[in-house]
Amino acid sequence: MIGCACNGIDPRLARSEPPESRSLPSCTINAEPLMTTSTESAAPIRVRIAPSPTGDPHVGTAYIGLLNFIYARQRGGQFVLRIEDTDRARFVATSEQMIFDSLHWLGLEWDEGPDVGGPYGPYRQSERTEIYREHVEFLLASGHAYRSFETAEELDAMRKSQIAAKLPPRYNGAHRELPQVQIDAFLAEDRPYVIRLKVPVEGETIFRDELRGNVTFSHNNVDDQVLMKSDGFPTYHLANVVDDHLMRITDVIRAEEWISSTPKHVLLYRAFGWDIPRFWHMPLLRNLDKSKISKRKNPVSLIYYRESGFLPQALLNFLGLMGGGMAQPTEQEIVSKGMNVKEGDIFSLSDMLEKFDFRRISLGGPVFDLTKLKWLNGEYLRALSSEKFFDALRATIFSDDYLRRIAPLVQTRIETLAQFGDMTDFFFKDDVMPAPEVFIPKKHTLEETLAFAAEQLTVLEATVFAVEDLEPALKQLGVEKEWSVKDNFMLLRAILTGKIASPPLLESLMVFGKARSLDRMRRFLDTQKRQANSRH
RNA sequence: GUCCCCAUCGUUCAAUGGUUAGGACACCGCCCUUUCACGGCGGUAAUACGGGUUCGAAUCCCGUUGGGGACACCA
């Protein structure tokens, strides 16, 4: 049973050599990872994206996916999709399919993956636990890792006291050198444990980032990372390194947030005696306030973009604009091709395959600015033939499927078919914004109302998006905050439909979709908060 | 707090030691137009600061400041 595999690890089984999986040829790529140009022809380029199925597919996944896709296609390489589902606590069953669908929608087709297979599978980490177990045993046996028996609570307490003392929160190394008898005793009593990387006490790790040059981390600043959790699942760090090696990944193109854990990865590659891939850390997409892009401040779900009527080619184009990479057309090109100057910002995926240059990427984190995306989308919409435009409408916002689900919600409520529009406008709008007299209940103030709406949003985010789950969860919130069922649901109705009368609320939400519903609420709160602030 | 990364108009990209620092989005104005858009024309707007190096610095070096990321049995 995978779930408790750790307890089954027998150190006697650990081999003295890294378990080089299956009968694949030994990896000779990248013998000189620092000499990037000279070895590029030595082995086929292989890159990957490794999304984690923890919710809606993320726009950041699309961004990194696009970059990896371009990199592979430009070099005749392979683009791999790997699902990193080692966190059973955050796992969302429907997420994987949504990731597939969204990437297909964008046209970022992968060569190997859980659904299409490939020679280095399985491509789902939950199906590779035996591989990680073997590898971690090797690290244990070779002295690169050790068991740590503290409980999560103990570690938490330790971390808190370190932060209180203004010290960097770090594992104190208490079990680094536990005597074998003690280890055996703990194991005998079935005490749960994690396996940690034994980072050298002294020295430093230097790695090359292809966009930044050498980056150095002193080992006092590298924590003894947990590699294997007590439930027997690996952490990202272990699984990622093992899989990237076994899957023959030559170039790791990922977001900048990974830079600080790269030394751990490098240490792992070395412990296994493996060659190190090239690392390309891409700038992080940002909110308007420059913080890392987040759902609180931006729509980040790819489902949202699709359902809101963005065209995949526009999103891709916009993403391609982020961070540079595409050379602007020269004066000559504009003249010789008769280009409109503006067209410098407009390009297709195949233009990107032709011209995108990774060396041109600029490192300042680009703000994901919806305003420009919308303009771009408009350009694409206008460029469509009227027939194609009509088709796009019918395929998305006016699809038979969508209308078929809306129709029963209004059939008993209208007297002429034309009233359909009056009753359902909010299904077809980009945004609605109720007036204060519409959304503030008589017994509550604006401040109370906004605070309660924020609570509603939290409930909506945390609850399974189904009527039978949402209804009790919202009612429960009402009881806790002493809001009547009526005020509770009327507020939600006002926010989502802009009106005081609508088709059945939760059923409408089901049709409108989680991504757009949550975004509408966030926009409402955001706008109201801004207005409140400007009044003070 | 510690470590790492980054720094050109409000935003996004150009200018890779020598330009009046350029384009796009946004904004403003004018034109087109029954309206609103679209389209056309024009405009406002930036090298964070301080030191070097150099005949010459947005560009190279150092410092300061600012921003961001990481510091989980999440990825």
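A, B, ... follow the sequence lines: proteins, then strands. Residue 1 opens every chain.
Closest to the A/Pro169 side chain, of the nucleotides B/rC73, B/rG67, B/rC71, is B/rC71. Of the candidate nucleotides B/rC73, B/rC38, B/rC5, B/rC38 has the atom lying nearest to any side-chain atom of A/Arg382. Comparing B/rU11, B/rA75, B/rG23 against the side chain of A/Asp87 picks out B/rA75 as the nearest. When each of B/rG67, B/rU2, B/rA24 is scored by its nearest atom to the side-chain atoms of A/Lys372, the top-ranked nucleotide is B/rA24. Distance from the side chain of A/Thr371 is smallest for B/rC25 among the nucleotides B/rG1, B/rC25, B/rC74. Checking B/rA75, B/rC13, B/rC6 against the side-chain heavy atoms of A/Pro366 singles out B/rC13 as nearest. Of the candidates B/rA24, B/rA70, B/rA75, B/rA75 carries the atom nearest the A/Lys229 side chain, counting heavy atoms from C-beta on. Closest to the side chain of A/Lys290, out of B/rA75, B/rA24, B/rG68, is B/rG68. The side chain of A/Ser362 approaches B/rA14 more closely than any other nucleotide in the set B/rA14, B/rC73, B/rA75. With distances taken from any side-chain atom of A/Arg88 to the nucleotides B/rA70, B/rA24, B/rC74, the minimum falls on B/rC74.
Residues A/Glu387 and A/Ser385 have side chains that never bring a donor and an acceptor to within less than 3.5 angstrom of each other. With 3.5 Å as the limit, one finds no donor-acceptor pair spanning the side chains of A/His58 and A/Ser301. Residues A/Gln225 and A/Tyr171 bring no donor and acceptor atom of their side chains to less than 3.5 Å of each other. For the residue pair A/Thr250 and A/Arg46, no side-chain donor N or O sits within less than 3.5 Å of a side-chain acceptor on the partner.
With both pairing distances under 3.5 Å, B/rU20 is matched to nothing as a Watson-Crick or G-U wobble pair. With a 3.5 Å ceiling on both atom-pair distances, B/rU53 lacks any Watson-Crick or G-U wobble partner. Pairing of B/rA58, defined by two Watson-Crick or G-U wobble distances under 3.5 Å, is not identified with any nucleotide. The partner of B/rC3, taking Watson-Crick or G-U wobble pairs whose two distances both stay under 3.5 Å, is B/rG69. When both pairing distances are held under 3.5 Å, B/rC41 makes a Watson-Crick or G-U pair with B/rG29. Across the strands present, B/rA15 finds no partner; the criterion is a Watson-Crick or G-U wobble pair with both atom distances under 3.5 angstrom.
Nucleic acid contact class of A/Ser291 (heavy atoms, under 4.0 Å, all strands): sugar-phosphate only. Across all strands, A/Met326 comes closer than 4.0 Å to no nucleic acid atom at all (heavy-atom distances). Counting any heavy atom pair closer than 4.0 Å across all strands shown, A/Thr216 reaches sugar-phosphate atoms only and no base atom. Within 4.0 Å (heavy atoms only), A/Glu153 reaches no atom of the nucleic acid at all. Residue-level contact check: A/Phe217 touches the backbone only, with heavy atoms under 4.0 Å from sugar-phosphate atoms and none from bases. Within the nucleic acid shown, A/Gly323 comes within 4.0 Å of sugar-phosphate atoms alone, with no base atom in reach, counting heavy atoms only. A/Thr86 comes within 4.0 angstrom of sugar-phosphate atoms only, judged by non-hydrogen atoms across all strands, and of no base.
Comparing A/Gln125 and A/Lys264 along RNA chain B, the residue whose closest nucleotide (by nearest heavy atom) sits nearer the 5' end is A/Lys264. Place A/Ile259 and A/Gly325 on RNA chain B by their nearest nucleotides, and A/Ile259 ends up nearer the 5' end.
B/rC73 atom P lies 12 Å from atom CG of A/Asn172, rounded to whole Å. Put simply, CE on A/Met282 is 14 Å from P on B/rC6, counting in whole angstrom units. For the pair A/Arg254 CZ and B/rG69 C1', the interatomic distance rounds to 13 Å; values are reported in whole Å. A/Leu285 places its CG atom 13 Å from the C1' atom of B/rG68, with the value rounded to the nearest Å. Note: CG (A/Leu284) to C1' (B/rC6) measures 11 Å, nearest angstrom. Whole-Å rounding puts the A/Ile361 CD1 to B/rC5 C1' distance at 15 Å. For the pair A/Tyr132 OH and B/rC73 C1', the computed distance is 17 Å after rounding to whole Å. Going from atom CG of A/Leu321 over to atom C1' of B/rU12 covers 7 Å, rounded to whole Å.
Distance check on atom C1': B/rG67 versus B/rC49 gives 15 Å, rounded to whole Å. Rounded to whole Å, the C1' atom of B/rG42 lies 34 Å from the corresponding atom of B/rG56. Separating the P atom of B/rG69 from that of B/rG63 is a span of 24 Å, rounded to the nearest Å. Nucleotides B/rG43 and B/rU64 have their P atoms positioned 42 Å apart, rounded to a whole Å. A gap of 43 Å separates the C1' atoms of B/rC73 and B/rA48, to the nearest Å. With both ends at atom C1', the span from B/rC13 to B/rA58 equals 15 Å, rounded to whole Å. Taking atom P on both B/rC27 and B/rU11, the two are 15 Å apart, rounded to the nearest angstrom. Between the C1' atoms of B/rG66 and B/rC28, the separation comes to 30 Å (whole Å).
The aromatic rings of A/Tyr304 and A/Phe310 lie tilted to each other, with the angle between the two planes from 30° to 60°. A parallel orientation is assigned to the rings of A/Tyr236 and A/Trp258, their planes being inclined by less than 30° (bins at 30° and 60°).
Checked by atom type and distance alone, the side chain of A/Lys229 pairs as donor or acceptor with a backbone atom of A/Thr86 at under 3.5 Å.
Dashed line: the shortest gap from a side-chain N or O of A/Arg170 to OP1 or OP2 of B/rA70 is not under 4.0 Å.
Checked by distance alone, A/Ser230 brings a side-chain donor or acceptor within 3.5 Å of a matching partner on the base of B/rC73. On a pure distance criterion of 3.5 Å, a polar donor-acceptor pair joins the side chain of A/Arg90 and the base of B/rC74.
Stacking of A/Arg82 on the aromatic ring of A/Tyr123 is not recorded, the 6.0 Å distance cut-off and the 45° axial limit not both being met.
Taking the side chain as every heavy atom from C-beta outward, A/Thr262 and A/Phe279 approach each other to under 4.5 Å.
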